[in-house]
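This report refers to the structure that appears directly beneath it.
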Amino acid sequence: MTNQQLADIFRKIADLLEIKGENIYKILAYRKAADSLSNLSQDINDIWKEGKLTELDGVGKAIAEKIDELLTTGHLVFFDKLVAEVPESLAELLQVPDLGPKKVALFWKELGITRLSELEKAANEGKLRNLPGMGEKSEAKITEGIKALGRRTDRIPLGRAWPFAEELLDYLRKVSGVKEVELGGSLRRMRATVGDIDILAAAKDSSAVMDAFVKRTDVARVLGKGETKSSVEFRQGLRAQLWVHPPEHWGTALVYATGSKDHNVRLREYALKKGFSLSEHSLARADGGEITCEREEQVYQALGLPWIPPELREDRGEVQAAIKGELPKLVGLKDIKADLQMHSTWSDGKLSIRQMADAAILHGYQLIAITDHSHSLGVVGGMSPEEVLEQRKEIDEVSKELGDKIHIVQGAEVEIKSDGSLDYPDDVLAKIDFVLAALHTSLRQPRQKVTERMIHAIHNPHVDMIPHPTGRLLPDREGADLDMEAVLAAAAKAGVVMEINAHPARLDLNDVHARRAIELGIKLSINTDAHSAEDMDLMHFGVSTARRGWVEKDQVINTWSSSKVLKWLKSRG
DNA sequence: GCCGTTTTCGGCCCGACTGTTTTCAGTCG
C-alpha cells in the first residue's frame, strides 16, 4: 500500500467517525495522521520496516498499530467494523457544500438516506424541510449544492488560476478606499493545484470592495456576503473568496488568509504557549492587552520567530524549524542564471536556436541548453543522429555570433523507450554535452516495470539529468507510477540531476519529492522546457515548487555560474 | 487519538456567516 492509500483510509475513518458522532479530537487525530502520510516524502513501507511509525507527526500507538495491520494484511478489522455500522457511502454526502456530519447523520437516521441520489430525491420531494434545524432555505441549499457538485471543477492547475487571479487583483486594487490587495490561500503558497482563489484586501470600510467583488459580471452565484468575508462562484465553476480587514490588521489577516489551515493551527498553538491568542485580528493577551500587526513579519516576530515564507506554510515542520532557527534559505527567482531545457525548430520548438538565445539573454541568463527531442518521439519531429551533428554546427555558429553574451550547450531530450533503452546509441550520446533521459510514452506500465526502466536509464553513464521525472500533465494525466524512493536513490548514486520542470502543467518533480531529493544529496535543475520565448516566463512556477520543497540555492545547478556548470558537465564526460 | 520548555492527564485554534432560532447550531476556512 502507498502513503496515499493509507491516508485515504484514515480520512475515510475520520469522516465516518464524525457522522457517527465520535469525539471531535479523535476525528482530528485521524485527519492529522492522514495529512502526515500525504506530506511524507519517504515511502511508508520503509519507515514501517525500520519500526519508526510512531516517529511520524500525529501517529501514536493506536494509529501505528492500524498502519501495521494494513501493511501486513492489507485489511483493517477496525475499518470493516466501522463500515458495517456507518455505511461507507455516507462519506460522499459530505462532499456536498454546506452539508456536514451532523446533517448527514440526521438524514441517515431520520430518513434512511445513505446515497447522493436518495438525498437529491428527498430534497426534491420536500422531505428535508420539516426535520429539526432544517427549513425551506436549507433544503434549497442542498439541492443547489448537489448541482454545484456536478459542475464543480476539481482543483485546477496553478497555471490556469494564476492569470485569472492576477486580473481579479488588478480589478480590486482599483476600487476606491482599497489600500492593499494580495493573494492568500494555496495560490500564495504556490501549490501545484488550487481549490479556489483566496484574496485579502485592506480597507477601512469593506462595503465598497465587497460590493465590487460580488457584482462582477462573471459572478454566477454569491455564496455568502458579510462585512469581513464574501465568497462567490464564477461562471466557469471557479470559486473565490475575499476577506477585508482594516490596514492596521493586515499582518495577522494575511497570515490567516494565507494558511495553510494546519500551519495556522500550529502557529496558534505556539502562540498560546507564548501567552497569546492569535486570530486574524490580533495577538491578544489573557489580561486584555493586544498587539496588532500591520506587517506579516511582526506577527512572527511577536512570537519570537523569523518570518516564514508562504511556500513553506504547510505544517511540514516549518514552525518547528523556525523555533530552532533552522529555516532553509530558499532559492529565489533572482538566483536563476541558466535555463537547461528548451526546444528549437530542430524538433517541436517555435523559434530558432538564435531566437531562443536572444530571449534567454533578455532574461539575463548566462547559459542555456538546447535540448531538442530524439527521433523516436515522432509526433514532435525529433532529431536523427545525423541531425544531432548538423545541429551542433548551428549551435557553434550562433555561439560565435553571440560571443560571451551567453553560453549555449548542446543537449538532447532522449526518449527512454518502453524497454528502458535509450533512443540513441552510446556513440551518439557521447557527442552530446548534456543528455536528458525522459519518459513520454508507456507511462501506464506497472510500477515495478516503469521504475526499472527509469533506473536503467539513470545507470547509463551518458545520462546527466532526468527531466519531468513522472511525466504528469496537470490536471488530467497522472504521471508514471514510479517508486520514487528507488529512483532517487539511483540518481543520488549516479550523480544524475533531477529536474523540477517549471511548466505549470508539470511541476515535476513535485515539492515533496524535491525535498526528498535534496535530503539524499541530489542536485536539482529548474527549467522551463520552453518551446517559445514566452514560455521562459514560466520559471517562477518552478522556483516556487522548489521553495515548497525547502530547496536552497546551491542545490540547484542553474543558479551556478556558467563556468561552474560547464566544469560540472565536463566532469561527467 | 495524540501529546508534553507549566502537563503522562486533561487539554486539544479562532472566528465569520447562514439559517433557524429568540440565543445557537452547523459549516467552513
Side-chain angles (χ1 to χ4, degrees), chain A residues 10 13-14 17-19 21-36 53-67 78 93-107 128-142 144-145 184-186 194-200 206 210 214 222-231 239-245 249 252-253 255-284 303-304 315 319-320 323-324:
Chain A
F10 289 127
I13 288 173
L17 287 177
E18 201 171 13
I19 293 166
E22 251 302 352
N23 177 301
I24 185 65
Y25 296 109
K26 186 186 280 193
I27 290 151
L28 290 175
Y30 277 105
R31 296 225 167 96
K32 184 157 230 169
D35 289 344
S36 200
L53 288 177
T54 52
E55 288 180 21
L56 294 175
D57 192 30
V59 176
K61 188 162 171 282
I63 290 182
E65 279 171 5
K66 289 185 175 68
I67 295 174
F78 171 83
L93 300 187
L94 294 174
Q95 300 304 310
V96 179
D98 302 314
L99 197 48
K102 295 282 161 54
K103 285 189 178 158
V104 168
L106 179 72
F107 302 155
L128 302 180
R129 63 182 67 175
N130 296 323
L131 294 172
M134 290 289 296
E136 276 185 49
K137 277 191 177 175
S138 301
E139 189 177 72
K141 238 180 172 179
I142 285 170
E144 184 53 47
S186 48
V194 301
D196 57 10
I197 295 174
D198 296 311
I199 297 173
L200 176 68
S206 71
M210 285 299 185
V214 301
V222 178
L223 304 169
K225 182 166 180 276
E227 249 179 71
T228 61
K229 180 182 153 186
S230 293
S231 57
R239 291 178 173 210
Q241 55 187 340
L242 172 69
W243 290 277
V244 183
H245 284 271
H249 292 177
T252 41
V255 169
Y256 165 77
T258 301
S260 65
K261 191 172 181 296
D262 292 332
H263 173 85
N264 287 351
V265 169
R266 182 76 67 178
L267 204 60
R268 287 169 178 201
E269 281 171 357
Y270 185 68
L272 280 176
K273 284 184 192 163
K274 293 270 166 180
F276 293 105
S277 169
L278 172 61
S279 75
E280 55 267 49
H281 306 294
S282 69
L283 289 144
L303 300 174
D315 191 30
V319 174
Q320 296 90 324
I323 292 168
K324 289 189 207 155

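Naming convention: chains lettered A, B, ... in sequence-line order (proteins, then strands); numbering from 1 in each chain.
Judged by closest nucleotide on DNA chain B, A:Ala62 is the one of A:Val104 and A:Ala62 placed further toward the 5' end. If you find the closest nucleotide of DNA chain B to A:Lys273 and to A:Ser279, the one lying nearer the 5' end belongs to A:Lys273.
In 5' to 3' order, the nucleotides of DNA chain B bounding all contacts with chain A (an atom under 4.0 Å from a heavy atom) are B:dG1 to B:dG29.
Nucleotides B:dC12 and B:dT6, compared at atom P, are 15 Å apart to the nearest Å. Nucleotides B:dT18 and B:dT23 place their C1' atoms 15 Å apart, quoted to the nearest Å. B:dC2 and B:dT8 are spaced 12 Å apart, taking the C1' atom of each and rounding to whole Å. Separation of the C1' atoms belonging to B:dT20 and B:dC24 is 9 Å when rounded to the nearest angstrom. Comparing B:dT21 with B:dC17, their P atoms sit 22 Å apart, to the nearest whole Å. Spacing of P atoms, B:dC13 relative to B:dC3, comes out at 14 Å, to the nearest Å. Using P as the reference atom, B:dG11 and B:dG19 are 36 Å apart when rounded to the nearest Å.
For A:Lys26, the side-chain contact (heavy atoms from CB on, under 4.5 Å) partners are A:Leu17, A:Glu22, A:Asn23, A:Tyr30, not counting sequence neighbours. With sequence neighbours excluded, the residues forming a side-chain contact (heavy atoms from CB on, under 4.5 Å) with A:Leu106 are A:Glu110, A:Leu131, A:Pro132, A:Met134, listed by chain and number. For A:Leu272, the side-chain contact (heavy atoms from CB on, under 4.5 Å) test picks out no residue, with sequence neighbours left out. Qualifying side-chain contact (heavy atoms from CB on, under 4.5 Å) partners for A:Ala29, counting only residues two or more places apart in sequence or in other chains: none.
A:Ser277 comes within 4.0 angstrom of sugar-phosphate atoms only, judged by non-hydrogen atoms across all strands, and of no base. Nucleic acid contact for A:Lys261: base, since at least one base atom lies under 4.0 Å from a heavy atom of the residue. The residue A:Leu267 sits apart from the nucleic acid: no heavy atom pair falls under 4.0 Å. Using a 4.0 Å heavy-atom distance criterion, A:Lys141 is classed as a sugar-phosphate-only contact. Using a 4.0 Å heavy-atom criterion, one finds that A:Tyr256 contacts the bases of the nucleic acid, with or without backbone contacts as well. Residue contacts shown for A:Leu278 are limited to sugar-phosphate atoms, with no base heavy atom under 4.0 Å away. Contact annotation for A:Glu18: no contact, since no heavy-atom pair falls under 4.0 Å across all strands. Note on A:Lys274: nothing from the nucleic acid sits closer than 4.0 angstrom, heavy atoms only. A:Ile27 comes within 4.0 angstrom of nothing in the nucleic acid, heavy atoms only. A:Pro101 comes within 4.0 angstrom of sugar-phosphate atoms only, judged by non-hydrogen atoms across all strands, and of no base.
In A:Glu227, the CD atom is not crowded: 12 or fewer heavy atoms of neighbouring residues, nucleotides or ligands sit closer than 6.0 Å.
Side-chain atoms of A:Ser231 never come within 3.5 Å of backbone atoms of A:Leu223 as a donor-acceptor pair (strictly under, hydrogens ignored).
Among residue pairs with one or both ends in residues 268-283 of chain A, those qualifying as salt bridge (charged side-chain N to carboxylate O under 4.0 Å, His left out) are A:Arg268-A:Glu280; sequence neighbours excluded.
Base pairing of B:dC17 is made with B:dG26, judged by Watson-Crick or G-U wobble geometry with both donor-acceptor distances under 3.5 Å.
Atoms CD1 and CZ, on A:Ile13 and A:Phe78 in that order, are 5.5 Å from each other to the nearest 0.5 Å.
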